[in-house]
Amino acid sequence: MITCMETIKIDDPRLDESFAFMFLLRKGDAVLLKNQNSSRGKVTDGVYVGEFPKHVAGDIHPRGITLYEINLADDSVQILEEKELQKIE
């Protein structure tokens, strides 16, 4: 069995509107860690890892995950999945 793994970074210059759904957060967004309500941080980078949907713009269920690098207030860095983060408005 062959598994296809592709990646695209949050600041990839090839990104266009058809890939925008892969990144709900942008660099500089303030976030709250869901499992640690008192921990706040800022998005410093992100990457989508997995298989790209065949028709990217029309598929709302990609076969992969989006990971974000979060810089916390104490200058530590964590890598977390999108579902573990909540954007602070």
Side-chain angles (χ1 to χ4, degrees):
M1 178 167 80
I2 298 174
T3 302
C4 181
M5 184 75 68
E6 301 177 87
T7 62
I8 190 163
K9 288 190 60 129
I10 200 170
D11 57 355
D12 192 313
R14 296 171 296 153
L15 280 178
D16 61 13
E17 291 179 10
S18 64
F19 284 92
F21 73 93
M22 292 182 178
F23 298 100
L24 296 179
L25 302 171
R26 299 284 179 229
K27 282 187 177 183
D29 283 352
V31 293
L32 181 68
L33 282 60
K34 287 183 179 178
N35 62 348
Q36 303 169 10
N37 287 337
S38 62
S39 293
R40 296 171 184 256
K42 190 171 279 194
V43 175
T44 55
D45 209 352
V47 64
Y48 172 85
V49 179
E51 183 179 347
F52 293 158
K54 290 180 182 174
H55 301 287
V56 176
D59 191 345
I60 60 171
H61 301 291
R63 294 177 293 269
I65 60 170
T66 303
L67 301 172
Y68 291 97
E69 180 182 83
I70 308 299
N71 190 359
L72 300 174
D74 63 359
D75 289 329
S76 64
V77 175
Q78 287 194 16
I79 307 295
L80 299 167
E81 285 187 55
E82 191 171 89
K83 66 183 179 182
E84 299 174 289
L85 302 168
Q86 178 180 346
K87 185 175 178 179
I88 300 172
E89 299 296 324

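Here the structure is a predicted model, which is why all the values come from computation and not from measurement.
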Checklist line | CA sep, side-chain torsions, deciding dist, call: E82, L24, side chain to side chain contact (heavy atoms under 4.5 Å, CB included) | finding: CA-CA 8 Å; E82 191 171 89; L24 296 179; 3.3 Å; yes
Notebook entry, point to check: Would E81 and L67 satisfy side chain to side chain contact (heavy atoms under 4.5 Å, CB included), going step by step from the backbone distance to the final call?
Noted result: CA-CA 5 Å; E81 285 187 55; L67 301 172; 3.6 Å; yes
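- Atom NZ of K42 is separated from atom CG of N71 by 9.0 Å, given to the nearest 0.5 angstrom.
- Here the shortest heavy-atom pairing between F23 and I8 reads CZ-O, 3.3 Å.
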Next item on the list: Could you give me the CA-CA distance, side-chain angles and deciding distance for T66 and V47, then say whether side chain to side chain contact (heavy atoms under 4.5 Å, CB included) is met?
Entry: CA-CA 6 Å; T66 303; V47 64; over 6 Å; no
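- Nearest approach of T44 to K27, heavy atoms of both residues: O-CE, 3.3 Å.
- Going from atom CG of N35 over to atom NZ of K83 covers 11.5 Å, rounded to the nearest 0.5 Å.
- Summarising the geometry of L32 relative to R40, their closest heavy-atom pair is CD1-CG, 3.9 Å, with the distance given to 0.1 Å.
- Between L33 and Q78, the shortest heavy-atom distance links the atoms CD2-OE1, 3.6 Å.
- For the residue pair I10 and Y68, the shortest heavy atom distance occurs at CD1-CE2, 4.0 Å.
- Of all heavy-atom pairs spanning L85 and K34, the tightest one is O-CE, 3.3 Å.
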Check: Which is it for I70 and V77 under the side chain to side chain contact (heavy atoms under 4.5 Å, CB included) test, yes or no, and what are the steps along the way?
Finding: CA-CA 6 Å; I70 308 299; V77 175; over 6 Å; no
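- A salt bridge links K9 to D45: one of the charged nitrogens lies within less than 4.0 Å of a carboxylate oxygen.
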